Amino acid sequence: MRVLFLGDIVGRPARQKVIESLPEWRRDWKLDFVVVNGENAAGGFGITGEISVSLFDAGVDVITTGNHVWDQKEVMSYIDSEPRLLRPANYPDSAPGKGYGIFDAPRGKKVLVMNLMARVFMNPLDDPFAVADKIIKRHPLSGQLAFSMIDFHGEATSEKMAMGHFADGRVSCVVGTHSHVPTADTQILSGGTAYQTDAGMCGDYNSIIGMEKDEPLRRFTRHIPSARFSPSLGEPTICGLLVESNAQGRAVRAEPIRIGPRLAEAYPVLA
């Protein structure tokens with residue numbers, strides 16, 4: 001299977017770029033499945049039902065989130081009715097929505113997508129490792145479950161790397177989100193799991209992690225907030241990870257994606 005994951009979509013220009021480009025990418029890269037992290041898609045903070053529908057209509061199969069999932073209050077009712085929009089699975093069971101799902105893919109195959117949130121420098125949710133272990137044991141890779149992946153939304157690189165090795169050989173891919181900066185460690189771990197500490201964001205990199213620079217700079221230099229953060233609206237760079245797996249669900253290809261004006265570009269090299 002060939003799966004594309006796109007990192008945190010930050011604001012309208014990045015959202016529009018993904019929506020406009022995804023049909024072409026699905027065709028040209030022969031993608032079987034597409035997952036995006038959409039937790040910053042609504043003006044940099046949260047996601048709405050309307051935005052979710054626009055991404056699904058463009059060809060996104062599943063949307064993951066993270067610590068900003070509840071920023072747009074309307075999503076609390078929408079997420080219960082839309083299983084393709086995930087919140088971290090280690091939220092309490094009483095939280096709206098689901099943290100993972102098994103979804104249809106071409107040729108009768110299934111894809112498991114799991115959304116988890118880290119705890120170091122983040123909200124103190126349930127243990128993501130215990131939650132991941134429980135879900136993986138319940139739904140191991142098999143002939144029908146052809147691909148399984150974890151979007152691990154977290155701050156600390158060490159915690160993300162620990163999750164990669166914890167799940168190595170048991171899932172097809174572990175990819176980190178949240179830092180909005182792509183890491184240069186795309187690899188296939190020894191057990192056959194594709195891994196990248198952070199996929200980076202889909203957003204304007206002439207910014208401070210996707211936000212207009214003035215207010216973050218004021219807060220760092222003066223320690224006095226004076227305005228709300230607002231997403232930078234310059235030309236976006238799209239960042240993500242493309243993973244190809246074999247018949248056993250193990251990764252045989254992992255390639256970073258960087259398309260846009262600010263970073264060194266990286267396109268998939270596909271046979």
Side-chain angles (χ1 to χ4, degrees), residues 3 5 7-8 33 35-40 46-47 52 61-71 75-76 78-103 105 110-142 144-179 183 189 191-199 241 243 245 249-251:
V3 176
F5 177 84
D8 312 51
F33 205 83
V35 181
V36 305
N37 186 295
E39 72 144 15
N40 301 118
I47 190 168
S52 299
D61 293 291
V62 174
I63 301 171
T64 55
T65 57
N67 58 303
H68 288 291
V69 60
W70 312 123
D71 284 5
V75 82
M76 290 192 176
Y78 176 77
I79 199 170
D80 265 334
S81 64
E82 180 46 85
R84 296 174 295 175
L85 176 61
L86 302 178
R87 47 83 171 162
N90 51 328
Y91 267 105
D93 290 340
S94 58
K98 301 295 183 184
Y100 78 97
I102 297 175
F103 305 95
K110 301 288 185 179
V111 173
L112 184 149
V113 182
M114 189 189 320
N115 195 180
L116 293 166
M117 193 150 73
R119 296 196 291 184
V120 178
F121 309 124
M122 303 288 286
N123 296 334
L125 299 181
D126 294 343
D127 179 1
F129 294 88
V131 173
D133 190 57
K134 182 178 179 180
I135 295 170
I136 292 168
K137 286 178 177 176
R138 186 181 299 159
H139 303 287
L141 286 167
S142 63
Q144 188 177 28
L145 184 60
F147 194 97
S148 65
M149 68 169 296
I150 297 172
D151 173 355
F152 195 34
H153 196 77
E155 189 77 29
T157 54
S158 57
E159 191 176 10
K160 294 180 186 179
M161 295 179 83
M163 179 60 74
H165 290 290
F166 179 76
D168 184 25
R170 302 197 289 162
V171 301
S172 310
C173 173
V174 175
V175 59
T177 54
H178 180 66
S179 80
T183 55
L189 302 177
T193 295
Y195 175 80
Q196 186 174 344
T197 297
D198 202 288
L241 175 68
V243 178
S245 64
R250 304 297 189 268

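Fair warning: this is a prediction, and the values are worked out from it, not measured in the lab.
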Quick check: do Val36 and Val62 have side-chain heavy atoms less than 4.5 Å from each other? no
Once you round to the nearest 0.5 Å, how far does CZ of Arg87 lie from CD1 of Ile47? 15.5 Å
Does any part of the side chain of Leu116, heavy atoms only, come nearer than 4.5 Å to the side chain of Phe129, both counted from C-beta? no
Answer whether the closest heavy-atom distance between the side chains of Pro96 and Trp70 falls below 4.5 Å. yes
Would you say the side chain of Tyr100 lies within less than 4.5 Å of the side chain of Ile150, judging by non-hydrogen atoms? no
With side chains defined as the heavy atoms from C-beta onward, is the minimum distance between His153 and Asn37 less than 4.5 Å? yes
Evaluate the side chain to side chain contact (heavy atoms under 4.5 Å, CB included) criterion for residues Val174 and Met149: first the C-alpha distance (whole Å), next the side-chain angles of each, then the deciding distance (0.1 Å), finally the verdict. CA-CA 6 Å; Val174 175; Met149 68 169 296; over 6 Å; no
Audit row: Val75, Leu85, side chain to side chain contact (heavy atoms under 4.5 Å, CB included) steps and yes/no: CA-CA 10 Å; Val75 82; Leu85 176 61; 3.8 Å; yes
For the side chain of Asn90 and the backbone of Asp127, is there at least one donor-acceptor N/O pair under 3.5 Å apart? no
From CZ (Arg84) to OG1 (Thr64), nearest 0.5 Å: 14.0 Å
For Ala199, enumerate each residue passing the side-chain contact (heavy atoms from CB on, under 4.5 Å) test, keeping only those at least two apart in sequence or located in another chain. Phe5, Val175
Please tabulate, for side-chain N and O atoms in residues 156-165, each donor-acceptor pair with protein atoms closer than 3.5 Å (sequence neighbours left out).
residue	atom	partner	partner atom	Å
Glu159	OE1	Arg119	N	3.3
Glu159	OE1	Val120	N	2.9
Glu159	OE2	Arg119	N	2.9
Lys160	NZ	Gly154	O	2.7
Lys160	NZ	Thr177	O	3.0
Lys160	NZ	Asp198	OD2	2.7

Could you list the residues that satisfy side-chain hydrogen bond (donor to acceptor under 3.5 Å, both in side chains) with Arg250, not counting sequence neighbours? none
Sidechain-backbone polar pair: Asn115 side chain, Thr65 backbone, donor-acceptor under 3.5 Å: yes
Quick one: do Phe152 and His178 satisfy ring pair (Phe, Tyr, Trp, His ring centres under 6.0 Å)? Show the steps, please. CA-CA 9 Å; Phe152 195 34; His178 180 66; over 10 Å; no
When you compare the side chain of Met114 with that of Leu86, does any pair of heavy atoms fall below 4.5 Å? no
Is any side-chain heavy atom of Ser142 less than 4.5 Å from a side-chain heavy atom of Leu145? yes
Using modelled atom types and a 3.5 Å cut-off, is there a donor and acceptor pairing between side-chain atoms of Glu39 and backbone atoms of Asn67? yes
Cys173 and Phe147, any side-chain heavy atoms less than 4.5 Å apart: yes
